[in-house]
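The analysis underlying the following values was restricted to heavy atoms, covering all of them including side chains, and did not include hydrogens, waters or symmetry mates. Note that this is a predicted model, so its numbers are computed, not measured. Order of appearance sets the numbers: ligands from 1, and atoms from 1 within every ligand.
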Amino acid sequence: MREVDKSGCLALVVCSALPGLHAWSGCDTVSALASQGKIKALKLVQANDLYLQAFTDLGSSWNVPTDVFNSIQAFTCQLYARNTKIVGANSLRYHMFCAKKGQIESGQLPPCEDSLMQHTLRANYQAAIWRRSLENLPDVPAPSAGHGWELDDGGSLKIRWMAGLPAPDVVLNLISCTCRRTCRPSDCSCILNGLKCTVVCKLQGCSNMVQDDAIVAQDANDSDGDSDD
Ligand SMILES: [Zn+2]
Ligand SMILES: [Zn+2]
């Protein structure tokens with residue numbers, strides 16, 4: 001389609017991809033990927049018909065078809081590593097992490113496939129609403145019905161960052177911090193990961209440590225479970 005009329009035709013086609021691309025690359029309701037702007041994304045889309053088609057399809061229905069997500073996943077890989085042959089976010093994360101021997105900030109890595117899916121679902125939902133903006137009474141499902149958001153205990157909407165666990169429990173339990181004087185939410189790796197400090201942390205007796213009575217209660221629960229067996 002790009003050969004037909006470079007100026008007019010391509011502009012029209014790119015226009016139809018803009019609602020999806022704008023939502024996906026960050027708008028009022030959908031977050032942006034760390035340090036990934038809109039210009040690079042737009043240039044990539046203009047240069048690749050597959051990506052162009054994927055963002056044109058984004059928001060055309062309330063679901064994200066597998067082929068659309070696969071194209072967007074490949075597109076994401078290109079954003080983080082131009083000209084890479086890798087098309088899976090998880091394996092690109094692994095390759096980039098290994099290439100830097102682990103000396104890389106998590107914000108420099110692409111999101112994992114799981115959280116990329118949730119992000120794409122939110123962008124799709126927003127684009128779907130925009131694409132129906134001329135309908136009188138569009139039939140809009142709840143954002144918490146599998147569109148990248150969920151309800152918290154109080155019934156408020158919150159972002160569903162991922163569907164699975166950030167890491168297996170056994171790995172999360174190994175996280176420790178190296179805080180010297182106090183564990184603060186701004187820089188304590190335990191608190192940042194929503195974990196309590198443990199005996200493997202450098203600072204002992206901080207306010208983020210698991211309290212002894214909580215451990216006793218946990219032990220009591222555990223032994224209750226054992227006695228049932
Ligand atoms: Zn700490
Ligand atoms: Zn700690």
Side-chain angles (χ1 to χ4, degrees), residues 25-26 28-37 73 76-77 79-81 86 88-123 143-144 146 148-229:
S25 57
D28 285 352
T29 50
V30 184
S31 58
L33 304 189
S35 62
Q36 297 295 336
Q73 191 170 194
T76 308
C77 291
L79 276 183
Y80 282 84
I86 298 173
N90 286 352
S91 74
L92 182 63
R93 271 171 78 85
Y94 176 74
H95 274 86
M96 289 176 71
F97 186 82
C98 292
K100 295 274 183 183
K101 297 189 169 64
Q103 299 302 306
I104 187 166
E105 293 296 320
S106 57
Q108 295 174 275
L109 294 170
C112 68
E113 185 175 337
D114 184 1
S115 54
L116 181 64
M117 175 54 107
Q118 295 302 318
H119 175 80
T120 305
L121 285 171
R122 286 188 290 278
S144 56
W149 285 274
E150 58 193 349
L151 297 177
D152 67 12
D153 295 339
S156 300
L157 209 56
K158 65 170 188 172
I159 292 171
R160 190 183 194 208
W161 290 111
M162 55 178 73
L165 289 168
D169 278 342
V170 61
V171 172
L172 288 177
N173 289 337
L174 289 176
I175 290 181
S176 61
C177 65
T178 54
C179 307
R180 288 165 186 276
R181 298 189 178 179
T182 167
C183 287
R184 290 174 303 191
S186 53
D187 46 19
C188 171
S189 56
C190 294
I191 299 178
L192 285 172
N193 284 290
L195 299 170
K196 288 288 179 189
C197 286
T198 63
V199 287
V200 286
C201 293
K202 182 163 189 156
L203 182 73
Q204 292 297 305
C206 76
S207 57
N208 189 43
M209 285 281 289
V210 184
Q211 298 302 308
D212 286 348
D213 49 348
I215 295 175
V216 172
Q218 182 61 42
D219 286 351
N221 286 339
D222 288 351
S223 51
D224 280 357
D226 291 341
S227 60
D228 289 337
D229 291 339

Pairs satisfying side-chain hydrogen bond (donor to acceptor under 3.5 Å, both in side chains), at least one member in residues 98-118, at least two apart: none

Sidechain-backbone polar pair: Arg122 side chain, Arg160 backbone, donor-acceptor under 3.5 Å: yes

Contacts of the Zn ion (ligand 1) with protein N/O/S atoms, counting only those under 2.8 Å: Cys177 SG, Cys179 SG, Cys183 SG, Cys188 SG

Pairs meeting criterion ring pair (Phe, Tyr, Trp, His ring centres under 6.0 Å) with involvement of residues 96-120, two or more places apart: Trp24-His119

Gln204 (side chain) donor-acceptor with Val199 (main chain) under 3.5 angstrom: yes

Any donor-acceptor pair under 3.5 Å from Ser189 side chain to Ser176 backbone: yes

Residue pairs, two or more places apart or on separate chains, that pass ring pair (Phe, Tyr, Trp, His ring centres under 6.0 Å) and touch residues 149-207: Tyr125-Trp149

